[in-house]
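Next up is a structure, given as structure tokens.
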Amino acid sequence: MKRLAAVVAVLGLAAATAACSGGPTKSGGSGGGGGLFTTVDVLKPGLDASGPANPWAPKGNSFLGYNAMKLGWVRNHLTDPNQFYPGIAAKWDIAPDNSSITLHLQPNGKWSDGKPVTAEDVKLSLGIAYTTGSTAFAVTPGAAGAAADIQVVDDKTVKITQDMSNPSAKFARGVMDSFVVPAHVWSSVLPADFWDKLKASKGTGAEADKAREEILAIGQKVLAFAPPKDVSGGPFVLERVNPGEALLLKNKNFYNAANIVPDQVKFLNYSGNEQIWNYLSAGKLDQAGFTAMPTDVMNRIKQAPGSNVIRGFSPVAVGMAFNQAKKPYDNVHVRRGLAYLIDRDQVTKVASPEGGTPAVTTSGIHQKPAQEWIGSELAALEPYKHDVAKAEAEFKEAGLQKKDGKWTLADGKPWKVTMTAPAPFSDWISAQENIKSQLVANGVDAEVVTVADYPVYLEELSAGKYDVGFWLMALGPAPYDIFQRLYGASNGWTNVAGKVAHSAPGKGGNWMGSAEEIDVEGIGKVNPGELTAKLNAVSAEEAKPIMAQLAKTANQDLPAIQLWDYVNTQFTNTTRFGGWPEQDADVLRLPAGVWMQLGMVKKKQ
């Protein structure tokens, strides 16, 4: 499944203004003899030759970890959201209560034009982040905390303080996961009175509202900004791009250039998974992120000379989610009946044999960190193993009727399970087709409906148009993020500046429509949205009992059936390069450009 491609599509296509000419590959960079490294950018399908070298532009030619740099790189930790590798920041100090993070920049950090990377570059970049609504730098604070102050301590030190009236345990992550661009190139995108506007935006009343609107309006200018040339703080600099490929050359001024082996990086264009499969099968790519594929394609790729597959933890699962505003999905016994009726092992084998493992139960938590978060409570949850007899008992409990081998609604009217999925997500389509077959074989009429693309899918899902849809959930490692997919805005609860409000089903994007309070066996009445919001500010130990309650609530009430937990699968090739990350390495969800920064990826001898 091209999940990341879908994210890009959500952002929309920004106006592209910078033109880069094509031409033959040439020698460049430091000329160290490291050769050409070839890959694809799974974040952005379809190269746009006129896109700017702008990390905020959805269709820009700024490639994460190569010519686009962040303050730090998030480690793929099971439970801790505040683990990082160095980026523009060499070191950082996080206050014990998460009230601040102090950044110590790379002492030898330079831009590709030779100018030093300074604290003023970071401050300007964080100012730009406000205009695009980035996590801790949103003008209307959400669940990621909010920066109260950005202080330049000295030329290489910046301290960012969190507004503790709306604290978030993942505030540091929001800061570190920020792009940094050179102030001497980008300063024109912010007006001279920007910081005054920002200060005004943090107040209340009409003046504050006006300031927030003006800051967000600046974001459009940021998205469209086209630097005259790429000035990079990363290991590579964009040389040129055409419809078929983008070429980057090694940045000799990169602070850790000695670790960077390739002289050049080439990103090949693609418009669909099949092209990536063909590149991999032909041995053309040195590295590629995962795309959903059937087993026979995986086997073909494995036959390519030098083919190497690396797998690791991916903190996300896919769930079959219900619109409880629509009958009969308002009845928990119907949802439970479907959970028993669907064989998750079979679904996973058909839909994601290489990129997923069947969910052991439906807890809302990926099975790998679940044991650490809720311990023995995991084994006590109902596993919803495939059991037709239990499914029929649940359907009868819901009042459904079975006539001539087919289930109908309680009033005898036909019941058809209509599942919807975005057309580009081949694994979701395969899963729904398999579920349809399973349901029909057991007397439940079913159909699969596809929509053109992911943004349309999300828009219509949010509008409550679908009965049943697929929904990414269990997004780790932060406890709040894990459960907000089940008990966040899509299910009625919004968290704005630490204050939780609930919208009725069908209002404010609440398409899932769970009850605001749920009576959970052994616990009592639970407000899952308010419990989820508590996770945002508590420590890991304080989070564990809350997560156990939420897991039990999700397991009993089933706003979604957790189908499979994703596995991060990466493709590399050992023909030209070696030194790849090990299996289960915590860098696998980072771009290969970051692997190079960390001293991985060596020239094959």
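It should be emphasised that the depicted structure is a prediction, and the values quoted were computed from it without experimental measurement. Below, all heavy atoms of this structure are taken into account, side chains as well, without hydrogens, waters or symmetry copies.
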Donor-acceptor pair, distance only, cut-off 3.5 Å: does the side chain of W595 make one with the backbone of V587?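 Between the backbone of V587 and the side chain of W595 there is a qualifying donor-acceptor contact (under 3.5 Å).
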After noting the C-alpha distance and the side-chain angles of Y130 and R212, does the key distance pass the side-chain contact (heavy atoms from CB on, under 4.5 Å) rule? CA-CA 10 Å; Y130 275 107; R212 285 191 284 269; over 6 Å; no
Taking all non-hydrogen atoms of both residues, which atom of Y329 and which atom of V417 are closest, and how far apart? OH-CA, 3.5 Å
Minimum-distance pair of heavy atoms, taken over all atoms of P353 and T295: CG-OG1, 3.4 Å
Is there a side-chain contact (heavy atoms from CB on, under 4.5 Å) between N331 and F395? Walk through the geometry before answering. CA-CA 10 Å; N331 191 314; F395 288 160; over 6 Å; no
How many angstroms lie between atom NZ of K552 and atom CG of L378, to the nearest 0.5 angstrom?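 Rounded to the nearest 0.5 Å, the NZ-CG separation comes to 13.0 Å.
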How long is the straight-line distance from CD of E517 back to OG1 of T553, given to the nearest 0.5 Å? 11.5 Å
Would you name the heavy atoms of R344 and Q562 that are closest together and state the gap between them?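 Shortest heavy-atom contact: CD-O, 3.1 Å.
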Can you pull out every side-chain hydrogen bond (donor to acceptor under 3.5 Å, both in side chains) where at least one residue sits in residues 369-385? Sequence neighbours excluded, please.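 Applying side-chain hydrogen bond (donor to acceptor under 3.5 Å, both in side chains) to every pair that reaches into residues 369-385, excluding sequence neighbours, yields Y340-E382.
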Close side-chain approach of K170 to N536, heavy-atom, < 4.5 Å: yes
Rounding to 0.5 Å, atoms CG (N491) and CZ (R485) come to a distance of 11.5 Å
Can you name the ring-ring contact (aromatic ring centres under 6.0 Å, His included) partners of H386, sequence neighbours left out? none
Please name the pair of heavy atoms, one in M176 and one in K70, separated by the smallest distance, quoted to 0.1 Å.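 That would be O-CB, 4.0 Å.
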Pairs under 3.5 angstrom only: tabulate donor-acceptor contacts from the side chains of residues 363-370 to other protein residues two or more places apart or in another chain.
| unit_1 | atom_1 | unit_2 | atom_2 | d |
| --- | --- | --- | --- | --- |
| S363 | OG | I365 | N | 3.1 |
| S363 | OG | I365 | O | 3.2 |
| H366 | ND1 | K368 | N | 3.1 |
| H366 | NE2 | S314 | O | 3.1 |
| H366 | NE2 | Y566 | O | 3.1 |
| Q367 | NE2 | T357 | OG1 | 3.4 |
| Q367 | NE2 | P358 | O | 3.0 |
| Q367 | NE2 | D565 | OD2 | 2.5 |

Do N527 and V500 come close enough that some side-chain heavy atom pair is under 4.5 Å?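 Answer no - side chains too far apart.
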Does a side-chain heavy-atom distance below 4.5 Å link V334 with F322? no
Just so I know, are the side chains of Q346 and N434 near enough to count as touching, which here means a heavy-atom distance under 4.5 Å?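 Yes. Closest side-chain heavy atoms under 4.5 Å.
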If we ignore hydrogens and angles and just use 3.5 Å, is the side chain of D481 paired with the main-chain N or O of G476 as donor and acceptor? no
Taking atom OG1 of T420 and atom CH2 of W428, what is their separation to the nearest 0.5 Å?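 Reported value, rounded in 0.5 Å steps: 11.5 Å.
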Are any non-hydrogen side-chain atoms of P559 and M473 less than 4.5 angstrom apart?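 With C-beta onward as the side chain, the pair stays apart.
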Centroid separation under 6.0 Å, is that true for the rings of Y466 and Y457?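 Yes, the ring centres sit under 6.0 Å apart.
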What pairs meet the side-chain hydrogen bond (donor to acceptor under 3.5 Å, both in side chains) rule with one or both residues in residues 440-450, with sequence neighbours excluded? T418-E447
Are Y270 and Y279 near enough that their ring centres are under 6.0 Å apart? no
Assess the residue pair V520 and Q549 against the criterion (side-chain contact (heavy atoms from CB on, under 4.5 Å)); give the C-alpha distance rounded to whole Å, side-chain angles, the decisive distance to 0.1 Å, and a yes or no. CA-CA 9 Å; V520 182; Q549 289 188 35; over 6 Å; no
Without hydrogens or angle criteria, can the side chains of T39 and Q287 be said to hold a donor-acceptor pair below 3.5 Å? yes
Backbone of T362 reached by a side-chain donor or acceptor of N555 within 3.5 Å: yes
For a quick test of reading the model, state the closest non-hydrogen atom pair linking A423 to I429 and the distance between them. O-CG1, 4.2 Å
Would you mind listing every side-chain hydrogen bond (donor to acceptor under 3.5 Å, both in side chains) that reaches into residues 503-513, with sequence neighbours excluded?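 Applying side-chain hydrogen bond (donor to acceptor under 3.5 Å, both in side chains) to every pair that reaches into residues 503-513, excluding sequence neighbours, yields nothing.
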I need the K416 NZ to L409 CG distance, nearest 0.5 Å.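 Nearest 0.5 Å value for the NZ-CG distance: 12.5 Å.
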Would you confirm whether S178, through its side chain, and V175, through its main-chain N or O, come within 3.5 Å as a donor-acceptor pair?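 At least one qualifying donor-acceptor pair exists.
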Are N98 and Q162 linked by a side-chain donor-acceptor pair shorter than 3.5 Å?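 Q162 and N98 do not have a side-chain donor-acceptor pair below 3.5 Å.
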Is the NZ atom of K326 crowded by more than 12 outside heavy atoms at less than 6.0 Å?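 Count over threshold, so yes.
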Are side-chain heavy atoms of L280 and R300 found at a separation under 4.5 Å? no
Parallel under 30°, tilted from 30 to 60°, perpendicular over 60°: which one fits the rings of F179 and W56? perpendicular
So, do F571 and M298 sit near enough that their side-chain heavy atoms are less than 4.5 Å apart?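 Yes, close enough: below the 4.5 Å cut-off.
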So, is the end of the R75 side chain (NZ or CZ) under 6.0 Å from the ring centre of Y85 and within 45° of the ring's axis? yes
Go through the steps to decide whether K327 and D330 satisfy the test side-chain contact (heavy atoms from CB on, under 4.5 Å), and finish with yes or no. CA-CA 6 Å; K327 291 186 178 302; D330 59 331; 2.8 Å; yes
Quick one about N278 and E274 (side-chain donor to acceptor, distance below 3.5 Å, no hydrogens or angles considered), yes or no? no
Should we count NZ of K406 as having more than 12 external heavy atoms under 6.0 Å? no
Gap between atom CG of L400 and atom CD of E392 - 0.5 Å precision: 11.0 Å
Could you list all the ring-ring contact (aromatic ring centres under 6.0 Å, His included) pairs where at least one residue sits in residues 516-560, not counting sequence neighbours? none
Does Q556 reach the main-chain N or O of D519 with its side chain, forming a donor-acceptor pair under 3.5 Å? yes
Find out whether W564 and D427 are in side-chain contact, i.e. whether some heavy atom of one side chain is under 4.5 Å from a heavy atom of the other. yes
Considering non-hydrogen atoms only, spot the tightest contact between D557 and S514 and give its length. OD2-OG, 4.1 Å
Give a yes or no on this: more than 12 heavy atoms of other residues, nucleotides or ligands lie within 6.0 Å of atom NZ of K544. yes
Audit row: E354, R311, salt bridge (Lys or Arg N to Asp or Glu O under 4.0 Å) steps and yes/no: CA-CA 9 Å; E354 305 294 344; R311 292 185 173 88; 2.7 Å; yes
Mark yes or no for whether N76, through its side chain, and F313, through its backbone, hold a donor-acceptor pair below 3.5 Å. yes
